[in-house]
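What follows is one structure encoded as structure tokens, with my remarks underneath.
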Amino acid sequence: MRGYSVTHPPGAATLPIEPGWDQLLYAASGAMTVSIATGSWIIPRHRALWIPGNEPATVVNRSRVGVRSLYLASPLRALPGTARGITVSRFCRELLLHTVRCCPLDLDDPVHSALLTVLVDQLRAMPDAPLWLPRPTDPRAVAFAQVAEVNPTADTVELARQVGASRRTLERVFAAQTGLSLGAWRRRAHILGSLDRLAAGETVTRAAQSSGYTTPSAYVAAFKRELGITPRQFVRE
């Protein structure tokens, strides 16, 4: 196991692909959006993302983000072979941070081996973080999604017309390729997209406006429907 700590300034970066190594990204502060071919995760503070080896990924963050990374040799099969968002408990968080400080780890060292065993057991037991936004593959739906994400108030019918499809066609495509209705996908995209604003210190009112909601109460209701907690609870956590 290898590890490193870094604080990224606002911007974008492509994660290096390490053949034979799986990767765990943990947000110690701030928030980041990690994208792979099939979708993206918003990873705020105290959440982590497991990325199997050879999975190209890019990271985008609007504000500074503290990242703690662990690389685990793929033959260990520490976690499943698919990417996974993880909610990290307090104990697991401290264990993870300690492990990063101790890296590199060698399984021939009994102390290192025990530390790795406990950490992997903890990560396997952690609940999934519901921070995944699936991506469609149909070119028209991809074009629609790209505009809808950055323009939350855009009219759905007009956007559909601009990408050369009817709303009904896009409804079918999104349902088939993302498992979400068109409206549910847009709501989820806007709520998840607001997490890094909240993590950067924006008020709930400002985050609501940036997400296309006319009132903070409507934003709070949608936020709780998607994530099961309110924006203020998210910030406190």
Side-chain angles (χ1 to χ4, degrees), residues 8-12 25 27 29-36 38-49 57-66 85 87 128-136 140-163 165 167 170-171 173-175 177-237:
H8 288 294
L25 289 180
S29 62
M32 54 185 166
T33 300
V34 183
S35 299
I36 61 174
T38 55
S40 60
W41 280 266
I42 310 299
I43 305 299
R45 188 174 179 227
H46 302 334
R47 308 300 193 278
L49 177 64
T58 58
V59 176
V60 176
N61 51 293
R62 289 190 178 123
S63 57
R64 288 166 61 88
V65 59
T87 298
D128 290 342
L131 304 171
W132 166 246
L133 182 68
R135 299 277 178 184
R140 298 163 299 178
V142 170
F144 178 94
Q146 290 172 341
V147 177
E149 278 192 275
V150 299
N151 188 359
T153 61
D155 179 72
T156 297
V157 174
E158 176 59 22
L159 276 186
R161 187 191 64 79
Q162 291 177 15
V163 301
R167 175 170 183 160
L170 289 179
E171 286 279 9
V173 170
F174 270 82
Q177 297 182 354
T178 72
L180 298 171
S181 69
L182 191 56
W185 188 93
R186 291 195 70 176
R187 181 178 65 245
R188 186 164 186 79
H190 300 154
I191 294 300
L192 292 181
S194 72
L195 297 186
D196 60 350
R197 300 180 186 276
L198 293 171
E202 273 195 11
T203 65
V204 172
T205 298
R206 185 67 180 273
Q209 293 171 344
S210 300
S211 303
Y213 289 88
T214 55
T215 65
S217 60
Y219 168 71
V220 170
F223 193 103
K224 189 169 184 178
R225 187 160 57 247
E226 285 295 327
L227 302 180
I229 58 175
T230 67
R232 294 191 189 282
Q233 288 172 322
F234 167 78
V235 172
R236 282 199 300 270
E237 289 182 2

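For this chain, numbers begin at 1 and follow the sequence in order.
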Ile43 vs Leu25 side-chain heavy atoms within contact, under 4.5 Å = no
Kindly indicate whether the side chain of His8, heavy atoms from C-beta on, has any atom under 4.5 Å from the side chain of Val59.
-> no
Pair Ser29-Arg64, side-chain donor/acceptor within less than 3.5 Å = no
If every non-hydrogen atom of Arg186 is compared with every non-hydrogen atom of Thr156, which pair is closest and at what distance?
-> NH1-OG1, 2.8 Å
Minimal non-hydrogen separation, Phe223 against Leu198, with atom names = CE1-CD1, 3.7 Å
Taking the side chain as C-beta and beyond, is there a heavy-atom pair between Leu227 and Leu195 under 4.5 Å?
-> yes
In terms of heavy-atom contacts, Gly212 and Pro152 come closest through N-CG, 3.8 Å
With a 4.5 Å limit on heavy-atom distance, are the side chains of Phe234 and Val204 in contact?
-> no
Would you say the side-chain atoms of Arg47 pair up with the backbone N or O of Arg45, donor to acceptor, closer than 3.5 Å?
-> yes
With distance as the sole test, does His190 use its side chain to make a donor-acceptor pair with the main-chain N or O of Thr153 at under 3.5 Å?
-> no
Value rounded to 0.5 Å, distance of CD in Glu202 from CG in Asp196 | 8.5 Å
Shortest non-hydrogen pair, Leu192 vs Ile42, comes out as O-CG1, 3.4 Å
So, Thr203 and Thr205: side-chain donor and acceptor under 3.5 Å apart, yes or no?
-> no
Under the side chain to side chain contact (heavy atoms under 4.5 Å, CB included) rule, what do Leu49 and Met32 come out as? Steps first, then yes or no, please.
-> CA-CA 11 Å; Leu49 177 64; Met32 54 185 166; over 6 Å; no
Hey, could you give me the CZ/CZ distance between Arg197 and Arg206, rounded to the nearest 0.5 Å?
-> 8.0 Å
Asn61 (side chain) donor-acceptor with Pro9 (main chain) under 3.5 angstrom | yes
Approximate separation, where rounding is to 0.5 Å, of Ser40 OG and Trp132 CH2 = 6.5 Å
To the nearest 0.5 Å, how far apart are CG in Leu159 and CG in Asn151?
-> 6.5 Å
Just by distance, do the side chain of Trp185 and the backbone of Pro134 share a donor-acceptor pair under 3.5 Å?
-> yes
Ser211 side chain vs Tyr213 backbone, donor-acceptor pair below 3.5 Å | no
Hey, could you give me the CZ/OG distance between Arg188 and Ser181, rounded to the nearest 0.5 Å?
-> 12.0 Å
Write down the atom of Arg135, the atom of Gly39, and the distance for their closest heavy-atom approach.
-> CG-CA, 3.1 Å
Locate the shortest heavy-atom distance separating Ala27 from Pro44; write the atom from each residue and the value.
-> CB-O, 3.3 Å
Parallel, tilted or perpendicular for Phe174 and Phe144, by the 30°/60° rule?
-> perpendicular
Would you give the length of the straight line joining atom CD1 of Ile191 to atom NZ of Lys224, rounded to the nearest 0.5 angstrom?
-> 13.5 Å
